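Heads up, the thing below is written out as structure tokens.
Proteins get letters first, then strands, A, B, ... in listed order; numbering begins at 1 in each. Because the structure is predicted, anything quoted here is derived from the model rather than measured.
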There are 2 protein chains.
Amino acid sequence: MSQKDEVCQHRLLVARDTLEVIQGKWRLPIIISLTHGNKRFGEIQRDISDISPKMLSQELKALETNKIIARTLYDSMPVTVEYSLTPLGLTMKKLLDEILNWGVLFRKEILEK
Amino acid sequence: MSQKDEVCQHRLLVARDTLEVIQGKWRLPIIISLTHGNKRFGEIQRDISDISPKMLSQELKALETNKIIARTLYDSMPVTVEYSLTPLGLTMKKLLDEILNWGVLFRKEILEK
DNA sequence: GTAACTACTTACTCAAAGGTAACTACTATA
DNA sequence: TATAGTAGTTACCTTTGAGTAAGTAGTTAC
């Protein structure tokens, strides 16, 4: 395998890493919701109106595993849990901007023509 | 629903549009392969070593439907088919760059620690 | 004591995504 | 006549993603 091919293979690998983090129906909505400030479980659920508690719980765990968000438990009564973006999560801002930018462009070119 | 909420809902919609185009195991690899020049079916298959002809055919059709790539048939013997990025496909460059950039960052922070 | 709020979990089901293997149709070459 | 190269297609199966509905556990207010 040539050096150029190796670089290509690495590009494919890295692109898949990113996709794995943002893939699925709910992860981008959750991340976007948290870019507007720290939120509790119920608040995110109200933000994303059609998500079930099962999916929200599952996807929050996945994002936490990937260190995109952090979970903070407050010992208030009743117990509240706050979710926030980690420093790594905050580095997604430019990526999110491009996803939104290109989505607008795509919508103009395809969906509205 | 407040105006702020409506803006948010629109952001979610647009983000999902983008995701729908790049989602799945094979679309980013195909697009990235075509950023290195126009390619034939067999060339893409050799680029992405583990893709089956069924998946390649299926995903090429999906990308063509979304006007990301174009299919050109040459009446040579034997028949050859060339795939290329459309102008819309070329507008994905900045998005692809961010996907690759963030993937490198993510790999540094998580996978290699 | 019962309803409501916090934040989930569990079991079951269905649909979409993806993989494997074989097959098609045409042409060129040995 | 058989093999290889062009570009796919088809049928079948398995895996993964996502939805529904109900249940859990603790606290507070009525």
From L96(B) atom CG to L28(B) atom CG, the distance as rounded to the nearest 0.5 Å: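 Reported value, rounded in 0.5 Å steps: 6.5 Å.
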Atom pair CD1/OG1 of I22(B) and T18(A) - distance to nearest 0.5 Å: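 The CD1 atom of I22(B) sits 9.0 Å away from the OG1 atom of T18(A).
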Any base atoms under 4.0 Å from R27(B), or only sugar-phosphate, or nothing? Heavy atoms, all strands.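 Nothing, no heavy atom under 4.0 Å.
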Regarding Y74(B), tell me which of base, sugar-phosphate or nothing describes its non-hydrogen contacts under 4.0 Å with the strands shown.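 Nothing, no heavy atom under 4.0 Å.
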Please report, rounded to the nearest Å, how far the [atom2] atom of [N] is from the [atom1] atom of [X].
X      : N       : atom1 : atom2 : result
R46(A) : dA7(C)  : CZ    : P     : 8 Å
R16(A) : dG18(C) : CZ    : P     : 10 Å
L19(B) : dA17(C) : CG    : P     : 12 Å
E82(A) : dT6(C)  : CD    : P     : 15 Å
D75(B) : dT6(D)  : CG    : P     : 17 Å

Name the residue from L63(B), I30(B), L34(B) that meets the side chain to side chain contact (heavy atoms under 4.5 Å, CB included) definition with I68(B).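 The passing option is L63(B).
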Are I48(B) and W26(B) side-chain neighbours, meaning at least one heavy-atom pair lies under 4.5 Å?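 The answer is yes, as the side chains (C-beta and beyond) meet within the 4.5 Å cut-off.
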Side-chain touch L60(B)/R71(B), heavy atoms, less than 4.5 angstrom: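 They are not in side-chain contact.
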Under 4.0 Å between a side-chain N/O of K61(A) and OP1 or OP2 of dT9(C), yes or no?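 For dT9(C), OP1 or OP2 has a side-chain N or O of K61(A) closer than 4.0 Å.
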Shortest non-hydrogen contact from G24(A) toward Q23(B):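 Heavy atoms only, the tightest pair is N-OE1, 3.2 Å.
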Watson-Crick or G-U stems of DNA chain D, 3 or more pairs, under 3.5 Å, by first number: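 As far as DNA chain D goes, consecutive pairing (with distances under 3.5 Å) yields the stems C:1-30 with D:1-30.
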For atom CD of E20(B), decide whether the heavy atoms of other residues, nucleotides or ligands shown that lie under 6.0 angstrom number more than 12.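 Open: at most 12 neighbouring heavy atoms sit under 6.0 Å from CD of E20(B).
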Determine, for E82(A) against R40(A), whether the closest basic-nitrogen to carboxylate-oxygen distance falls under 4.0 angstrom.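 Answer for the salt bridge query: no.
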With sugar-phosphate taken as primed atoms, P, OP1 and OP2 and all else as base, the protein-contact string of nucleotides 14-30 of chain D at under 4.0 Å (heavy atoms; B, S, -) is ----BBB------SS--
Is the backbone N or O of K61(B) less than 3.5 Å from a side-chain atom of T65(B), with the two atoms forming a donor-acceptor pair by type?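 Side chain of T65(B) to backbone of K61(B), a donor-acceptor pair under 3.5 Å: yes, one is there.
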